[in-house]
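Only one structure is covered here, and it is reproduced in the block below.
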Amino acid sequence: MKYVLLFGDTKERAKQWEAMPEAQREAAYGPINQWFGKYGSKITGGHELQPERTATTVKFSNGKAVVTDGPFIEGKEVIGGYAEVNVADLDEAIKMAKEWPTGGLVEVRPVVERGEPPR
């Protein structure tokens with residue numbers, strides 16, 4: 001089964017991450033790189049995302065597209081990246097999420113395979 005793991009954290013911690021000196025940030029990537037190395041055979045895709053301030057949102061209102069700067073939702077947390085994984089079941093995806101080294105949050109969502117109805 002395919003799942004997407006959405007990696008998030010608080011806005012405050014995201015700002016701290018951005019403000020970190022480059023050498024410190026590179027060192028902080030060590031445990032993250034180890035996690036990706038451990039689960040590399042199960043990861044089929046994913047990326048780190050640019051900060052939420054770089055987002056552009058397209059909303060539809062009365063059939064017309066409206067483009068705005070910023071994320072589509074204001075919240076206390078931000079999504080910093082994602083990984084698509086191919087695992088046996090939800091339990092295995094949750095096991096991977098529990099080992100995410102940065103703390104924060106990991107949202108686990110099943111992927112709809114072509115021809116499969118959403119659950």
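Every heavy atom of this structure was used, including side-chain atoms; hydrogens, water molecules and symmetry mates were not. Just so it is clear, the model here is predicted, and its values are computed rather than measured.
When all heavy atoms of W35 and E99 are compared, the closest pair comes out as CD1-O, 3.2 Å. V87 and K42 make their closest contact through CG1-CD, 4.0 Å (heavy atoms, listed as atom of the first residue, atom of the second, distance). Here the shortest heavy-atom pairing between E18 and R25 reads O-NH2, 3.1 Å. In this structure, P101 and P31 approach most closely via the heavy-atom pair CG-O, 3.5 Å. Heavy atoms only, all atoms of each residue included: E77 and L105 are closest at CG-CD2, 3.5 Å. Summarising the geometry of V106 relative to A97, their closest heavy-atom pair is CG1-CB, 3.6 Å, with the distance given to 0.1 Å.
The 12-atom threshold is not exceeded at CD of E12, counting heavy atoms of other residues, nucleotides or ligands nearer than 6.0 Å. Heavy atoms of other residues, nucleotides or ligands lying less than 6.0 angstrom from CD of E22 number more than 12.
The CD atom of Q24 sits 9.0 Å away from the CH2 atom of W17 when rounded to the nearest 0.5 Å. The distance from atom CD of E113 to atom NZ of K2, rounded to the nearest 0.5 Å, is 5.0 Å. With rounding to the nearest 0.5 angstrom, the CG atom of D89 is 11.5 Å from the NZ atom of K95. Note that the CD1 atom of I79 and the CD atom of E107 stand 6.5 Å from one another [nearest 0.5 Å]. To the nearest 0.5 Å, atom CD of residue E52 and atom NZ of residue K15 are 8.0 Å apart. To the nearest 0.5 Å, the span separating CG on N86 from OG1 on T44 amounts to 6.0 Å.
Panel note: side chain T57, backbone T68; no donor-acceptor pair is recorded below 3.5 Å. Checking side-chain atoms of E92 against main-chain N and O of A88 turns up a donor-acceptor pair under 3.5 Å.
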Could you walk me through whether H47 and Y82 pass side-chain contact (heavy atoms from CB on, under 4.5 Å), step by step?
CA-CA 6 Å; H47 289 280; Y82 68 97; 3.5 Å; yes
Does the side-chain contact (heavy atoms from CB on, under 4.5 Å) test come out yes or no for W100 and I32, once each step is laid out?
CA-CA 7 Å; W100 181 243; I32 295 169; 3.7 Å; yes
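Tracing side-chain contacts under 4.5 Å through hydrophobic residues (I, L, V, M, F, W, Y), one reaches I43 starting from Y29; they form part of the same cluster. A chain of hydrophobic side-chain contacts below 4.5 Å, direct or via other Ile, Leu, Val, Met, Phe, Trp or Tyr residues, connects F7 to M96. If you chain together hydrophobic residues whose side chains sit under 4.5 Å apart, V78 and M20 never meet in one group.
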